[in-house]
Amino acid sequence: MDNQELLDRFQRYVDDEHKIEAKDWMPEGYRKTLIRQVAQHAHSEIVGMLPEGNWITRAPSLRRKAILISKVQDEAGHGLYLYSACETLGVDRDTLINELLTGKAKYSSIFNYPTVSWADIGAIGWLVDGAAIVNQVSLQRTSYGPYSRAMVRICKEESFHQRQGYEIMIALAKNGNEAQKKLAQEAFNRWWWPSLMMFGPSDANSAHSAQNTAWKIKRHSNDELRQKFIDMTVPQAEYIGLTIPDPDLKWNEARGHYDFGEINWTEFNEVIKGNGPCNKQRLEARQKAHAEGAWVREAASAYAAKRKKSGEGRAA
Ligand code: FAQ
């Protein structure tokens with residue numbers, strides 16, 4: 001069978017809503033773009049532990065601390081599922097980690113912003129996890145089986161994360177005193193626009209969208225998901241008395257959606273080029289953690305080698 005026939009058959013298979021599994025034939029471009037996206041997603045989960053991790057020792061109560069620790073642990077778990085899903089595409093984990101640590105691989109722009117006050121932890125859970133869910137619910141139906149199945153489990157955990165963030169914001173913005181309300185509004189102002197950037201460039205400027213939609217890796221466009229997030233989040237903000245930091249935000253009756261102002265794409269491009277407020281600090285933190293964890297990896301490898309040897313001994 002020539003390559004065009006294989007490509008046509010692959011496309012028909014995807015069009016018929018079958019999942020592609022690790023051992024199935026797939027076009028090289030499909031494999032490559034998935035490795036790119038799933039790896040970026042995995043790196044985002046791991047780097048995403050840092051802004052919130054920064055507040056574990058300063059959480060305002062034992063209850064908040066316990067919740068935050070579990071949330072951050074969940075993100076580590078998500079990173080691990082995603083690295084595993086990525087490995088099924090024929091790339092090894094050391095290569096992926098190395099690409100993150102050397103700055104070659106991207107991770108979500110959102111994690112390059114600082115967490116200035118406790119209210120930022122509420123804003124991250126509510127807005128960042130909220131945006132992540134909108135994107136990931138759509139990805140549950142992605143055409144690559146291992147990625148799609150990882151998304152199902154991750155979405156369940158993310159909805160708990162989103163609720164806990166919103167609960168922090170309710171405590172501060174709706175039920176808090178004047179100072180707490182101010183903290184909540186300031187955090188909302190900091191995270192609103194970067195959260196909208198999480199969905200990626202506008203459809204007109206999205207390099208990968210056309211092909212990845214045809215392959216059903218992407219089920220909804222960047223702009224569709226961004227709009228969905230805005231429509232869902234604005235009433236939640238209003239309910240707790242927060243003002244959306246966008247003078248152009250307005251309900252459009254004819255469209256049945258909110259209109260909103262222009263995203264600062266210059267800022268977005270700078271952040272993904274490595275020039276955001278915390279890019280340098282995030283990479284340094286990951287590099288330090290990797291170096292300090294060397295002994296754990298060595299011990300785990302030595303233990304695995306020992307078990308393998310004794311297992312072989314028993315079999316003989
Ligand atoms: N940041 O052609 P497109 C989380 C890059 S959630 C950085 O539109 P595509 C949970 C893009 O990679 C966050 N780079 O690309 C959590 C491409 O660059 P390349 C992670 C971005 O792939 C919560 C270029 O721009 N979620 O971690 C961004 O079709 C709280 C052109 O863009 C995911 O990764 C960005 N925001 O669509 C954890 C979801 N946007 O590779 C801790 C999976 C775009 O050519 C705490 N990913 N770029 O050099 C996706 O759905 C897609 O990859 C998109 C981008 C929608 C992000």
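In listed order, ligands and their atoms are each counted from 1.
Here the rule is side chain to side chain contact (heavy atoms under 4.5 Å, CB included) with L50, and of N54, V47, I46 only V47 fits it.
Under the 4.5 Å side-chain heavy-atom criterion for grouping Ile, Leu, Val, Met, Phe, Trp and Tyr, F229 is not connected to I133 through any hydrophobic cluster. Linking ILVMFWY residues whenever their side-chain heavy atoms come closer than 4.5 Å, directly or via other members, places V91 and I20 in the same cluster. Hydrophobic clustering of Ile, Leu, Val, Met, Phe, Trp and Tyr side chains at less than 4.5 Å, counting indirect connections, keeps L183 apart from F188. When the side chains of ILVMFWY residues are joined at heavy-atom separations under 4.5 Å, either directly or via intervening members, V116 and L68 end up in two distinct hydrophobic clusters.
The 4.0 Å heavy-atom shell around ligand 1 contains residues R36, Q37, Q40, H41, S44, E45, G48, E52, K71, E75, K106, Y107, S108, S109, F111, V128, D129, A132, N135, L139, Y147, E158, M197, M198, F199, G200, P201, S206, A207, H208, K218, N222, F268, I272, ordered by chain and number.
By the ring pair (Phe, Tyr, Trp, His ring centres under 6.0 Å) test, F260 pairs with no residue at all, sequence neighbours left out.
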